[in-house]
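The basis for the numbers below is simple: all heavy atoms, side chains too, and nothing from hydrogens, waters or symmetry mates. What you are looking at is a predicted structure, and each value in this text was computed from that prediction instead of being measured.
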Protein chains: 2
Amino acid sequence: MSTQEELPYDVYQDRCPTRLVLDRLADKWALLILDRLKDGPVRFNSLKRDIMRITPKVLSETLRKLERDGLIARAVFATVPVTVEYSLSPLGDTLTDTVSALAHWAERNMDAVLAAQAAYDAAITAAAIPTPGLHRLR
Amino acid sequence: MSTQEELPYDVYQDRCPTRLVLDRLADKWALLILDRLKDGPVRFNSLKRDIMRITPKVLSETLRKLERDGLIARAVFATVPVTVEYSLSPLGDTLTDTVSALAHWAERNMDAVLAAQAAYDAAITAAAIPTPGLHRLR
DNA sequence: CGGCATCCTTGCCGATACTG
DNA sequence: CAGTATCGGCAAGGATGCCG
């Protein structure tokens, strides 16, 4: 808010189109796809295999949304059977460092998060049982 | 995948706990909250005002999830009425640069995205009408 | 001020087919 | 191989009201 130039868009504003883009990026599958594409073009079924548990439906939908937003490009080759490659567009390429950092932050800090969760849950449980061991009969 | 060390966690894997964290971060509201906290502690209703259209319920829920994950800290002051401040934890602080970059990327590249969307929609519409103007009589 | 409880809707997402 | 079609469930999230 301080070091940043004045822009016509403000993601904090409701009804700002940036909210729509943020919604797109704030999607687990979209982040994984963009991250997966950062090393070069990847084919549909390769994406489907690499991003475990994604269904073809969701993969297809997410790819089309990303393509519509100009973040990825779709290339069709008239082979038999047909070959389709997805790759980052120049615009999408400006995002990958950030997206990749976010997607992999969890991997680097997973232990800390798990520890925090355990501590939080323990505190909550302790609070829920004011004097543990008391009132045990009945 | 190449320049990266081998980690015990892999966000591409199903059943990997990192997926849960990615789910948390891949949330529009969580991103906005984390970004909003990067300049210092903020109170509940201030967040509610700044992040337009967020409901108290969703704000409260998201804050608690972020607190449970150890990304933010909650401080209560026994004033009248009570004052509650939310701030980034040291762990959360390691995320803000990335989160902020993602949240504001949309603001910087909104025009390009809107142009891409318009081009995409125009191409789709054109494809849906093979030869415009032909077959016009019935 | 800073929430929580409740109800209710919607739309996303997964599962499961089927097609060019 | 690269998708589309259809269906159903379930949980995220909005609206509202109340409380310490």
Exercise. What's the NZ-P distance between B:K28 and D:dG13, to the nearest Å?
Worked result: 8 Å

Exercise. Base, sugar-phosphate, or nothing: which does A:K57 touch, judged by heavy atoms less than 4.0 Å apart?
Worked result: base

Exercise. Contact class for A:T79 vs. all strands (heavy atom < 4.0 Å): base, sugar-phosphate, or nothing?
Worked result: nothing

For this session: Compare the minimum distances between each of C:dC4, C:dG2, D:dA2 and the side chain of B:S60, then state the nucleotide with the smallest one.
Result: C:dC4

Exercise. Are any of the side-chain heavy atoms of A:Y12 and B:R36 separated by less than 4.5 Å?
Worked result: yes

Problem set entry | Check: B:V58 main-chain N/O paired with B:T62 side-chain donor or acceptor under 3.5 Å | yes

Exercise. Looking only at side-chain N and O atoms, does A:Y86 come under 4.0 Å of OP1 or OP2 in D:dG3?
Worked result: yes

Seminar exercise, completed: Atom CZ of B:R53 and atom P of D:dG14 are separated, to the nearest Å, by 8 Å

Problem set entry | Nucleotide nearest A:R49 when distance is taken to its side chain, options D:dC1, D:dT4, C:dC13 | D:dC1

Exercise. Is any side-chain heavy atom of B:I33 less than 4.5 Å from a side-chain heavy atom of B:V42?
Worked result: no

Exercise. Is the closest side-chain donor-acceptor distance between B:Y120 and A:D69 under 3.5 Å?
Worked result: no

For this session: Return the value, rounded to whole Å, for the distance between atom CZ of A:F77 and atom C1' of D:dG3.
Result: 17 Å

Problem set entry | Contact under 4.0 Å: B:R74 side-chain N or O vs C:dG3 OP1/OP2 | yes

Exercise. If each of A:P81 and A:K65 is mapped to the nucleotide of DNA chain C with the nearest heavy atom, which maps nearer the 5' terminus, i.e. the 5' end?
Worked result: A:K65

For this session: Report the nucleotide, chosen from C:dC1, D:dT4, D:dG14, that has the shortest atom-to-atom distance to any side-chain atom of A:P56.
Result: D:dT4

For this session: Indicate yes or no: at least one non-hydrogen side-chain atom of A:L95 is less than 4.5 angstrom from one of A:L25.
Result: yes

For this session: Whole angstrom is fine here: how far is it from CG in B:L59 over to P in C:dA5?
Result: 16 Å

Exercise. A:R64 side chain: which of D:dT4, C:dG3, D:dA2 is closest?
Worked result: D:dT4

Problem set entry | From D:dG20, C:dC4, D:dG14, nucleotide with atom closest to B:V58 side chain | D:dG14

Problem set entry | side-chain contact (heavy atoms from CB on, under 4.5 Å) evaluation trace for B:Q117 with B:V113 | CA-CA 6 Å; B:Q117 288 179 349; B:V113 170; 3.8 Å; yes

Seminar exercise, completed: Taken to the nearest whole Å, CG/B:L63 to P/D:dG13 is 13 Å

For this session: Grab the CG-P distance between A:L32 and C:dC13 for me, whole Å please.
Result: 13 Å

Seminar exercise, completed: Rounded to whole Å, the CD-P distance (B:E61 to C:dC4) equals 9 Å

Exercise. Is the distance from OP1 or OP2 of D:dC1 to the nearest side-chain N or O of A:R43 less than 4.0 Å?
Worked result: no

For this session: Looking only at side-chain atoms of B:F44, point me to the closest of C:dC1, C:dG3, D:dA2.
Result: C:dG3

Problem set entry | A:K48 NZ - C:dG14 C1' separation (whole Å) | 12 Å

For this session: Take A:E85 and B:I54, find for each the nucleotide of DNA chain D with the closest heavy atom, and name the residue whose nucleotide sits nearer the 5' end.
Result: A:E85

